[in-house]
Amino acid sequence: MADSHRNAFENAQRQFDLAAEKLNLDQSLRRVLRVPQRELSVNFPVKMDNGEIQVFSGYRVQHNVSRGPAKGGIRYHPAVDIDEVRALAMWMTWKCALVNIPYGGAKGGVIVDPTKLSQSELERLTRRFATEISILVGAEKDIPAPDVGTNGQVMAWFMDTISMHRGYTVPAVITGKPVEVGGSLGRVEATGRGVSIVAREAAKHLGLRIEGATVVIQGFGNVGSVTADMMQRMGSKVIAVSDVSGGYYNRNGLNIPEMIAYTKQHRSLEGYQAAGIERVSNQQILELECDILAPCALENQITEENAGRINCKLLVEGANGPTTPEADDILFERGIFVVPDILANAGGVTVSYFEWVQGLQEFFWTEEEINNKLERIMQHSFESVLAQTLKHKVSMRMGGYMVAVARVAEATQIRGIYP
Ligand code: NAD
């Protein structure tokens, strides 16, 4: 489980401070960039199926909009809090800048366990939350997307709610929608596809053969399951995966398509059985010997406590903020190559950007066009971060931050401080 004693926002600020120092960034710009620009906190009632009314709390935070409208997912999870949303919003700013798409960073969340709600409760909660934050969102100002605990159906309800208020359909107000209502081909797979593209590029850089490489993945939702599937298609051997129900390990490789089909039917891997599978805990899975480890669940999974025992050559962060700054130092000293979240999982927001553009133009591209454009952006972004990393002899995280923070700082400076 994510360690609640660690404050994700403090970690995000610490990462920013280190990059600002390295870039020798002007002190006034540092003051502007190390805090979110705008935060909305809402408490709202929802009618439950049994007739009771419950009050839920949620947030929408916009970190910086110098490079374009705010962009970032909506999370439904019991551990959501304002600092987590702030951190996620800040990471979105850097991520969009890193892959050079014209967005600022935002994030939203509701404190709720969506697996405990019926479909109709989930719909009412989503429609009311969309209404509460509608003063901030809009196709030209703040565009949400899916994150942990939300999916295409939730995005469709959100889009429909905003459209009902406006009196006409506004597809570009949110991304990650089902294809039937203006979603983009390739969006569901985009984050995992991006994770596997950078894993392949990093392996190439390290001289590690991707065919036959052993892979361990923590989290088996949208990002983790697609990453597992794509890595297997590249010829790697996925030997362990986990979700809230724990870890599933088979050193000879897992049957990923069967496990994906199982989660579609049962919502999680709970109860999944197959010959040769050993059960491990969510902490043990991180310490298994493998070539590539991809944490694809929540923040603060790799800390100073377990970083010394991580047993991979390449760590690719599918999740946002899975590694604390203290753990980063340990991994760097140990020579473990880390592809940071703001690069590794940027495929999602990249195809969200494609979806937004297609929605605004009402002109849709083929899946092949989308995947080719995504491939080019991920590959190019990887190369620019690697170049920065090698030039300054720093970690890939620092290399990525230096590219991203410099872009946002430049945009903020060119626009100037109003008034
Ligand atoms: P999801 O809700 O689809 O899946 C989350 C998965 O994590 C589930 O399998 C859940 O069972 C598992 N999980 C939860 N707690 C866990 C724990 N303590 N240990 C192991 N597994 C646990 O969410 P997702 O969209 O796949 O997001 C996963 C991560 O990727 C998050 O950090 C999210 O911010 C990040 N991310 C998602 C996207 C996207 O497009 N969905 C894009 C970029 C980054």
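Residues: numbered from 1 along the sequence shown. Indexing begins at 1, ligand by ligand and atom by atom, following the structure's order.
Counting only heavy atoms from C-beta outward, the side chains of T169 and M159 approach each other to under 4.5 Å. Looking only at side-chain heavy atoms (C-beta outward), M90 and Q13 come within less than 4.5 Å of each other. The closest side-chain heavy-atom distance from I292 to I210 is below 4.5 Å.
Between N222 and ligand 1, at least one N/O pair is under 3.5 Å apart. Taking distance alone, with nitrogen or oxygen atoms compared against 3.5 Å, L298 stays at or beyond that limit from ligand 1. An N or O contact shorter than 3.5 Å links R75 to ligand 1 by distance. In terms of polar-atom proximity, defined here as any N/O pair under 3.5 Å, H77 makes no such contact with ligand 1. In terms of polar-atom proximity, defined here as any N/O pair under 3.5 Å, N320 does make such a contact with ligand 1. Taking distance alone, with nitrogen or oxygen atoms compared against 3.5 Å, G224 stays at or beyond that limit from ligand 1.
Each of the following atoms of ligand 1 lies closer than 4.0 Å to a heavy atom of G149: 2 (O). Near N345, meaning under 4.0 Å from one of its heavy atoms, ligand 1 places the atoms 43 (C), 44 (C). Under a 4.0 Å criterion applied to the non-hydrogen atoms of Q218, ligand 1 contributes the atoms 19 (N), 20 (C). In summary, the atoms of ligand 1 found under 4.0 Å from a heavy atom of G318, numbered by their order in the structure, are 30 (O), 35 (C), 44 (C).
Of all the heavy atoms of Q301, none lies under 4.0 Å from any atom of ligand 1, so neither backbone nor side chain is involved. No part of E299 comes within 4.0 Å of ligand 1, judged by heavy-atom distances. For R267, no heavy-atom contact with ligand 1 is shorter than 4.0 Å. Counting heavy atoms under 4.0 Å from ligand 1, residue D243 touches it through both backbone and side chain. Residue contacts with ligand 1, taken as heavy atom pairs separated by less than 4.0 Å, involve V244 via backbone and side-chain atoms alike. Of the heavy atoms in S225, none comes closer than 4.0 Å to ligand 1.
For atom 28 (C) of ligand 1, the candidate residues are A319, C296, G321; the nearest heavy-atom contact is made by C296. For atom 33 (C) of ligand 1, the nearest non-hydrogen atom from the set I285, D147, V195, V241 comes from D147. Ranked by closest heavy atom to atom 6 (C) of ligand 1, the top entry among G221, A190, A79 is G221. When the heavy atoms of T350, V148, N282 are ranked by distance to atom 17 (C) of ligand 1, first place goes to N282.
Scanning both residues, G321 and D341, for their nearest heavy atoms gives N-OD2, 2.7 Å.
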From CA spacing to verdict: salt bridge (charged side-chain N to carboxylate O under 4.0 Å, His left out), E201, K204: CA-CA 5 Å; E201 293 303 304; K204 211 187 290 170; 3.3 Å; yes
Test ring pair (Phe, Tyr, Trp, His ring centres under 6.0 Å) applied to Y401 and F16, step by step: CA-CA 7 Å; Y401 265 73; F16 166 75; 8.0 Å; no
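A salt bridge is absent between R14 and E10: the closest approach of a Lys/Arg side-chain nitrogen to an acidic carboxylate oxygen does not fall below 4.0 angstrom. Salt-bridge check for E375 with R200: passed, with a basic side-chain N closer than 4.0 Å to an acidic carboxylate O.
E304 CD: more than 12 foreign heavy atoms inside a 6.0 Å radius. Under a cut-off of 6.0 angstrom, the local environment of NE2 in H380 is sparse, with at most 12 non-hydrogen atoms contributed by other residues, nucleotides or ligands. Atom CZ of R279 has more than 12 neighbouring heavy atoms from other residues, nucleotides or ligands inside a 6.0 Å radius.
Pairs passing the ring-ring contact (aromatic ring centres under 6.0 Å, His included) check and including a residue from residues 135-158, sequence neighbours excluded, do not occur.
Heavy atoms of R187 approach ligand 1 to within less than 4.0 angstrom. Taking a 4.0 Å cut-off on heavy atoms, S268 fails to register as neighbouring ligand 1.
With W356 as reference, I143 is the one residue of I174, I143, V349, I101 to meet the side chain to side chain contact (heavy atoms under 4.5 Å, CB included) rule.
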